[in-house]
Colleague: 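Pasting a structure here, questions to come.
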Amino acid sequence: MANIVNNKRVVVAMSGGVDSSLTAALLMEQGYDVIGVHMRLHHLHAASRTTSGGKLNKGCCSADDVDDARLVCYELGIPFYVLDFEGDFRKTVIQNFIDEYSKGRTPYPCLQCNRYVKFDALLKRAAQLDAAYLATGHYGRVTYNEATGKYSMRRALDPSKDQSYVLYHLGQSELSRLLLPLGDQVNKTHVRELAAERNLVTADKPDSMEICFIPDNNYRGFLDKVSPDLARPGVMVDTAGQPIGTHSGVPNYTVGQRKGLGAIGSQPHFVIELKPEDNTVVVGTAEDLKSPSLTADDVHWASGDEPQQPFRASVKIRYRASEVPATITPLPDRRIHVEFDTPQRAITPGQAAVVYIEDEVIGGGTIQRPPTNNQTPRLTIYVSP
C-alpha cells in the first residue's frame with residue numbers, strides 16, 4: 001500500500017456495488033478521511049434496461065446504483081457527491097469504442113475508462129477536494145519498494161477476481177496516490193461476508209458484467225444506432241484470399257468468432273482477420289487462429305523506465321486468459337514485439353497485451369492489427385445526449 005502521509009483524505013469511487021462499498025468502509029476503519037464519489041458517465045442512467053426476455057437489467061451506473069452508493073455513504077456517515085464525467089466518457093470511451101470497430105479492432109472499453117476517466121479526470125477532481133488518495137474497488141495490490149523508490153501494481157491474492165490486467169497503464173504518479181484495499185482479500189465470498197458484517201445494503205448485490213453504456217449487451221445494435229453506415233455487407237474470404245461467402249459488416253465480427261459464419265467446408269471455421277480497408281472478413285480453421293507473436297503499440301511501463309533490451313516475461317492477451325511465457329522486444333515509437341514460447345489462439349487486435357514478471361505488472365499496450373498498405377480514416381462520430 002502507498003506511503004501514509006499526513007493528509008489521509010481519500011476519494012472513493014462509489015459505483016453502487018459491494019466492492020466499492022466495502023472499500024469505503026475498510027478505509028474508514030483504517031483512519032482515513034473518506035469522501036464517496038459516484039461518477040455520472042452517460043445519459044443511460046434513467047433509460048429502460050430490459051433484456052430481450054423482459055427481465056430487468058440494471059447494469060452498472062444506473063439510477064439504482066446512484067441510490068445505493070448514496071445510502072452506503074449515509075450509513076457510513078461520510079460525504080457523498082455525484083460528479084458529471086459524461087463529456088470525458090463520451091470522448092475517450094464511447095468515441096474510442098466506435099473508432100476501434102471501424103478499424104477492425106475489438107476494444108475493451110473498461111481499459112479506456114480506467115485510463116482516461118477514473119485515473120485521470122477523477123484523480124484531478126480528488127486533488128480539488130484536497131484528497132491525497134483515490135481508492136477504488138478494483139482487485140489488485142499496490143506495493144512500494146523503499147530500495148528503488150518505485151511503486152508497483154501486482155495481482156490480487158484471489159486470481160479469479162484479479163483486475164491488474166485493466167490497470168496496466170498506471171504509472172508512478174497514479175500508483176503513488178492509489179489505494180486498493182480489496183486486493184488482499186482471499187475471495188469474493190469473503191468480501192460479501194465482510195460487507196454483511198458491516199450491514200452494507202450492497203452486500204448481496206449481484207456483480208455487473210455488461211458494457212455500462214450498452215445495457216442490453218447488444219454492441220452491434222448500438223453501433224448500428226450511432227453509426228448506421230459503419231457496417232456494410234461485403235465479401236468473406238479464406239486465408240488464400242478466395243471468396244467463400246458474404247458477411248453483414250466488418251464491425252459485426254471479432255477474431256476467433258465462430259457463430260454466424262454459416263456452413264463452410266467440413267470442419268469448423270473462425271474469423272481470422274478483419275480488413276475494413278477493403279471490407280473483407282477472413283475466415284479459416286482452428287489451426288489458422290494460432291499466432292506465434294504479436295505487436296502492441298501505445299505501450300506504457302509502470303516504472304516509467306522503458307526497457308532497452310529484449311527480456312523474458314509472461315504476457316496476458318485478454319482479461320480472462322492466463323499469462324503465458326514469451327520474449328518481449330522493445331521497438332521504436334512505444335511499441336513492443338512479443339514472441340510466445342507456444343503459439344496463442346485468437347490474438348485479437350484492440351485488446352491489451354499486458355506484461356508480467358511473477359505477480360508484478362511491468363507494462364502493456366494495445367494489440368495491433370497486422371500491417372496493411374492502406375489505413376482506414378478515423379471516423380468522428382459522437383453519441384447525441
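Numbering starts at 1 and runs along the sequence shown. These numbers were taken from a predicted model, which means no experiment stands behind them.
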Colleague: Using atom types as modelled and distance alone, determine if a side-chain donor or acceptor of R40 lies under 3.5 Å from a backbone N or O of L83.
Modeller: no
Colleague: The test is side chain to side chain contact (heavy atoms under 4.5 Å, CB included); show your working for L76 and R198 and say whether it passes.
Modeller: CA-CA 9 Å; L76 294 176; R198 290 158 176 79; over 6 Å; no
Colleague: Side-chain contact test, heavy atoms from C-beta onward, threshold under 4.5 Å: evaluate it for M39 versus K118 and give yes or no.
Modeller: yes
Colleague: Go through the steps to decide whether E360 and K150 satisfy the test salt bridge (charged side-chain N to carboxylate O under 4.0 Å, His left out), and finish with yes or no.
Modeller: CA-CA 12 Å; E360 181 180 355; K150 296 284 188 179; over 6 Å; no
Colleague: Once the angle between the rings of H42 and F89 is folded into 0 to 90°, is it parallel (under 30°), tilted (30 to 60°) or perpendicular (over 60°)?
Modeller: tilted
Colleague: Indicate yes or no: does R9 engage D33 in a salt bridge with an N to O separation below 4.0 Å.
Modeller: yes
Colleague: Check step by step if side chain to side chain contact (heavy atoms under 4.5 Å, CB included) holds for D120 and E174.
Modeller: CA-CA 8 Å; D120 184 1; E174 295 86 3; over 6 Å; no
Colleague: Of all residues at least two apart in sequence or in a different chain, which pass the salt bridge (charged side-chain N to carboxylate O under 4.0 Å, His left out) check with R320?
Modeller: none
Colleague: For the pair Q172 (side chain) and A302 (backbone), establish whether a donor and an acceptor sit closer than 3.5 Å, ignoring hydrogens and angles.
Modeller: yes
Colleague: Using a 4.5 Å cut-off on heavy atoms from C-beta on, say whether the side chain of L289 contacts that of V255.
Modeller: yes
Colleague: Using side-chain heavy atoms (C-beta onward) and a distance below 4.5 Å, is Q112 in contact with V93?
Modeller: yes
Colleague: Determine the minimum heavy-atom distance between T202 and S21, stating which atoms define it.
Modeller: OG1-OG, 3.0 Å
Colleague: Could you work out, with side chain to side chain donor-acceptor pair (under 3.5 Å) as the rule, every residue matching T92, not counting sequence neighbours?
Modeller: none
Colleague: Side chain to side chain contact (heavy atoms under 4.5 Å, CB included), that's the test. Do L223 and F97 meet it? Break it down for me.
Modeller: CA-CA 9 Å; L223 291 174; F97 187 83; 4.1 Å; yes
Colleague: Is the backbone of T366 close enough, under 3.5 Å, to the side chain of Q368 for a donor and an acceptor to pair up by distance?
Modeller: no
Colleague: Quick check: are there more than 12 heavy atoms from other residues, nucleotides or ligands sitting under 6.0 Å from CZ of R232?
Modeller: no
Colleague: Please determine which of L167, V354, V166 meets the side chain to side chain contact (heavy atoms under 4.5 Å, CB included) test together with L111.
Modeller: V166
Colleague: Taking all heavy atoms of D162 and all of A156, pick out the closest pair and write down the distance.
Modeller: OD1-N, 2.9 Å
Colleague: Test M153 against L180 for side chain to side chain contact (heavy atoms under 4.5 Å, CB included), laying out the working first.
Modeller: CA-CA 10 Å; M153 169 60 61; L180 301 175; 3.8 Å; yes
Colleague: Are K188 and V18 packed together at the side-chain level, in the sense that at least one heavy-atom pair is separated by less than 4.5 angstrom?
Modeller: yes
Colleague: So, taking the atom named CG in L178 and the one named CG in L123, what distance separates them when rounded to the nearest 0.5 Å?
Modeller: 8.0 Å
Colleague: Whether R125 engages the ring of Y81 as a cation-pi pair (distance to the six-membered ring centre under 6.0 angstrom, angle to the ring normal within 45°) should be assessed.
Modeller: no
Colleague: Going by side chain to side chain donor-acceptor pair (under 3.5 Å), name the residues that satisfy it together with Y139, two or more places apart in sequence or in a different chain.
Modeller: D19
Colleague: For K205 and D64, what are the C-alpha separation, side-chain angles and deciding distance, and is it a salt bridge (charged side-chain N to carboxylate O under 4.0 Å, His left out)?
Modeller: CA-CA 11 Å; K205 188 174 181 178; D64 287 342; over 6 Å; no
Colleague: Check for a donor-acceptor pair, side chain of Y219 on one end and backbone N or O of P251 on the other, with a separation under 3.5 Å.
Modeller: yes
Colleague: So, using side chain to side chain donor-acceptor pair (under 3.5 Å) as the criterion, who are the partners of T136 when residues are at least two apart?
Modeller: H138
Colleague: Could you pull out all residues at least two apart from D130 that satisfy side chain to side chain donor-acceptor pair (under 3.5 Å)?
Modeller: none
Colleague: Answer yes or no: is there an ion pair linking E277 with R369, defined by an N-O contact shorter than 4.0 Å?
Modeller: yes
Colleague: Closest approach of V315 and A326, non-hydrogen atoms and distance?
Modeller: CG2-CB, 4.1 Å
Colleague: Please evaluate residues D99 and S102 with respect to the criterion side-chain hydrogen bond (donor to acceptor under 3.5 Å, both in side chains), reporting the C-alpha separation (whole Å), side-chain torsions for both, the decisive distance (0.1 Å), and the verdict.
Modeller: CA-CA 5 Å; D99 288 346; S102 77; 4.8 Å; no
Colleague: Is any side-chain heavy atom of V324 closer than 4.5 Å to a side-chain heavy atom of I317?
Modeller: no
Colleague: Taking all atoms of both residues into account, what is the closest heavy-atom pair of S248 and A231, and its distance?
Modeller: O-CB, 4.1 Å
Colleague: Taking all atoms of both residues into account, what is the closest heavy-atom pair of T23 and A135, and its distance?
Modeller: CG2-CB, 4.0 Å
Colleague: Is the number of heavy atoms from other residues, nucleotides or ligands within 6.0 Å of CZ (F311) greater than 12?
Modeller: yes
Colleague: Are V361 and R154 side-chain neighbours, meaning at least one heavy-atom pair lies under 4.5 Å?
Modeller: no
Colleague: Give the minimum heavy-atom separation between K290 and P343, together with the two atoms involved.
Modeller: CB-CB, 4.1 Å
Colleague: Do the non-hydrogen side-chain atoms of Y108 and Y165 ever get within less than 4.5 Å of each other?
Modeller: yes
Colleague: Does this structure show an ion pair linking R220 with D224, if we count only N-O contacts that are shorter than 4.0 Å?
Modeller: no
Colleague: Count the heavy atoms belonging to other residues, nucleotides or ligands that lie under 6.0 Å from CG of D204, then report whether that count exceeds 12.
Modeller: no
Colleague: Applying ring pair (Phe, Tyr, Trp, His ring centres under 6.0 Å), can you list everything that pairs with Y356, at least two apart in sequence or on another chain?
Modeller: none
Colleague: Inspect the contact between D297 and R334 and indicate whether a charged nitrogen and a carboxylate oxygen are less than 4.0 angstrom apart.
Modeller: no
Colleague: With a 4.5 Å cut-off on side-chain heavy atoms, are L41 and C113 touching?
Modeller: yes
